[in-house]
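Please read these numbers as outputs of a predicted model, since none were measured by experiment.
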Amino acid sequence: MIYFDNVSKSYQDGTVALNGVTLSIKQGEFVSIVGHSGAGKTTLVKLLLGEDNPTTGSVSFDSVNIKKIKAKDMPELRRRIGVIFQDFRLLPNKTAYENVAFAMEVAGKADEEIASDVPHVLELVDLTKKMWNFPRQLSGGELQRVAIARAIVNQPDLIIADEPTGNLDPINTYEIVQILKKINDMGTTVILTTHNKGVVEALGKRVITMDHGRIIRDDSTGKYAL
Ligand code: ADP
């Protein structure tokens with residue numbers, strides 16, 4: 001599904017963020033990407049989302065080189081990928097329900113579909129009781145669950161969770177990871193970037209360890225090498 005072919009990325013100031021990364025991720029996998037701050041994790045995610053281009057090498061999604069996707073076709077790629085961030089990025093003036101519904105409206109979904117799917121995904125993340133709360137009325141763990149509901153509501157093929165538990169305590173971290181696991185069990189590919197050794201070990205799934213822009217370890221059974 002995803003293929004990084006000898007990808008390097010240098011920024012204008014000369015920083016080498018990725019250095020010869022070759023990586024393949026199959027549909028349905030759950031892959032954690034770990035590494036110290038500055039290792040290149042966010043750069044990897046940006047290249048995958050087509051927000052930036054590699055300096056050399058290529059990044060493909062379903063055998064299509066992302067660099068060759070025309071600007072007008074980029075929204076289609078983006079709709080196939082749901083993204084979850086450390087800082088949630090919810091709209092403050094919309095309720096939990098409206099935040100999720102808005103993602104469907106932007107994707108051009110019909111009102112009836114929105115009315116039936118939004119409660120369903122909010123139930124999946126156990127937020128039925130709080131669906132009319134605004135972000136300021138929700139805890140960190142609840143905010144992240146709204147963000148997950150928003151990311152999955154248009155049924156993407158891939159979820160990228162970029163440090164999703166960075167602002168959460170251990171109990172909420174555990175809950176978020178369980179939800180990501182459930183989403184993966186339903187067939188969606190998940191890429192998780194994290195610093196949290198406990199999360200990766202509890203998952204027991206594939207772990208890619210990065211250091212200074214290189215992959216230094218790729219382990220299929222949840223080992224964290226740092
Ligand atoms: P991580 O997500 O693992 O913390 P990043 O991909 O954010 O790593 O960063 C990798 C390296 O690239 C770091 O040295 C960082 O300072 C540098 N970097 C990231 N973005 C930019 C940018 N826009 N311009 C210059 N350097 C950058």
Side-chain angles (χ1 to χ4, degrees), residues 9 11 15 17-18 30-52 74-75 77-107 118 121-122 124-127 130-154 156 158-184 188-200 202-203 208 210 224 226:
K9 174 70 189 177
Y11 287 108
T15 306
L18 293 179
F30 192 129
V31 182
S32 300
I33 300 178
V34 302
H36 295 298
S37 183
K41 305 181 295 293
T42 304
T43 300
L44 198 101
V45 168
K46 277 191 187 152
L47 297 187
L48 192 49
L49 291 171
E51 287 176 7
D52 207 341
M74 275 315 277
L77 171 77
R78 290 302 316 275
R79 270 201 281 281
R80 297 185 59 196
I81 307 176
V83 192
I84 301 159
F85 303 97
Q86 179 170 357
D87 57 359
F88 321 125
R89 304 197 192 174
L90 299 174
L91 298 166
N93 299 324
K94 289 187 185 290
T95 62
Y97 181 100
E98 289 165 349
N99 264 282
V100 179
F102 187 64
M104 293 189 76
E105 287 163 22
V106 170
V118 175
V121 290
L122 285 168
L124 195 80
V125 298
D126 198 18
L127 269 184
K130 307 231 167 165
M131 72 182 171
W132 302 114
N133 284 27
F134 287 93
R136 65 175 181 279
Q137 301 167 321
L138 295 169
S139 71
E142 289 165 348
L143 292 168
Q144 196 58 297
R145 283 188 274 145
V146 178
I148 292 177
R150 179 181 59 182
I152 61 174
V153 76
N154 290 318
L158 168 68
I159 290 283
I160 299 177
D162 195 7
E163 293 278 359
T165 61
N167 287 330
L168 303 179
D169 62 30
I171 292 174
N172 281 302
T173 294
Y174 177 80
E175 277 180 12
I176 294 301
V177 172
Q178 290 310 309
I179 292 170
L180 291 174
K181 216 168 168 177
K182 187 157 82 175
I183 292 166
N184 177 248
T188 308
T189 309
V190 176
I191 297 178
L192 166 73
T193 73
T194 183
H195 277 101
N196 193 321
K197 195 172 175 194
V199 162
V200 167
L203 273 166
I208 291 170
M210 298 195 61
Y224 190 117
L226 294 173

Any heavy-atom pair between the side chains of [Y] and [X] that's under 4.5 Å?
X: M131; Y: V118; result: no
X: V199; Y: S32; result: no
X: V146; Y: V125; result: no

With sequence neighbours left out, write down each residue that passes salt bridge (Lys or Arg N to Asp or Glu O under 4.0 Å) with R150, or none if nothing qualifies.
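For R150 there are no salt bridge (Lys or Arg N to Asp or Glu O under 4.0 Å) partners, ignoring immediate neighbours.
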Could you pull out all residues at least two apart from D87 that satisfy salt bridge (Lys or Arg N to Asp or Glu O under 4.0 Å)?
R89
Donor-acceptor check, side chain of [X] to backbone of [Y], threshold 3.5 angstrom: yes or no?
X: K41; Y: G35; result: yes
X: N154; Y: R79; result: no
X: K182; Y: L124; result: yes

Atom pairs and distances, side-chain donor-acceptor, residues 160-169, under 3.5 Å, sequence neighbours left out:
unit_1, atom_1, unit_2, atom_2, d
D162, OD1, T193, OG1, 2.6
E163, OE1, H195, ND1, 3.4
E163, OE2, H195, ND1, 2.6
N167, OD1, Q86, NE2, 3.4
N167, ND2, Q86, O, 3.1
D169, OD1, I171, N, 3.2
D169, OD1, N172, N, 2.9
D169, OD1, N172, ND2, 3.1
D169, OD2, N172, ND2, 3.4

T15: what forms a side-chain hydrogen bond (donor to acceptor under 3.5 Å, both in side chains) with it, not counting sequence neighbours?
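In terms of side-chain hydrogen bond (donor to acceptor under 3.5 Å, both in side chains), with neighbours along the sequence ignored, T15 is linked to D13.
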For K181, all residues meeting side-chain hydrogen bond (donor to acceptor under 3.5 Å, both in side chains), sequence neighbours excluded
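K181 satisfies side-chain hydrogen bond (donor to acceptor under 3.5 Å, both in side chains) with no other residue.
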Does OH belonging to Y174 count more than 12 external heavy atoms closer than 6.0 Å?
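Check fails, neighbour count at 12 or below.
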By side chain to side chain contact (heavy atoms under 4.5 Å, CB included), which residues pair with [X], not counting sequence neighbours?
X: F102; result: L91, K94, E105, V106
X: T95; result: Y97, E98, W132, F134
X: P156; result: I159
X: D52; result: K9, Y11, L47

What's the spacing between [X] [atom1] and [Y] [atom2] if we round to 0.5 Å?
X: L180; Y: E175; atom1: CG; atom2: CD; result: 12.0 Å
X: K46; Y: L44; atom1: NZ; atom2: CG; result: 12.0 Å
X: I191; Y: I84; atom1: CD1; atom2: CD1; result: 12.0 Å
X: N99; Y: N133; atom1: CG; atom2: CG; result: 12.0 Å
X: E142; Y: D126; atom1: CD; atom2: CG; result: 9.5 Å

Tell me which one of T194, L192, V31, N184 satisfies side-chain contact (heavy atoms from CB on, under 4.5 Å) with L203.
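Output: one option passes, namely L192.
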Over all heavy atoms of both residues, which pair between [X] and [Y] is shortest? Give the atoms and the distance, please.
X: V34; Y: V200; result: CG1-CG2, 3.6 Å
X: K130; Y: A96; result: O-CB, 3.9 Å
X: I148; Y: I183; result: CG2-CD1, 3.5 Å
X: P135; Y: P92; result: CD-O, 3.6 Å
X: R78; Y: V83; result: NH2-CG2, 3.6 Å

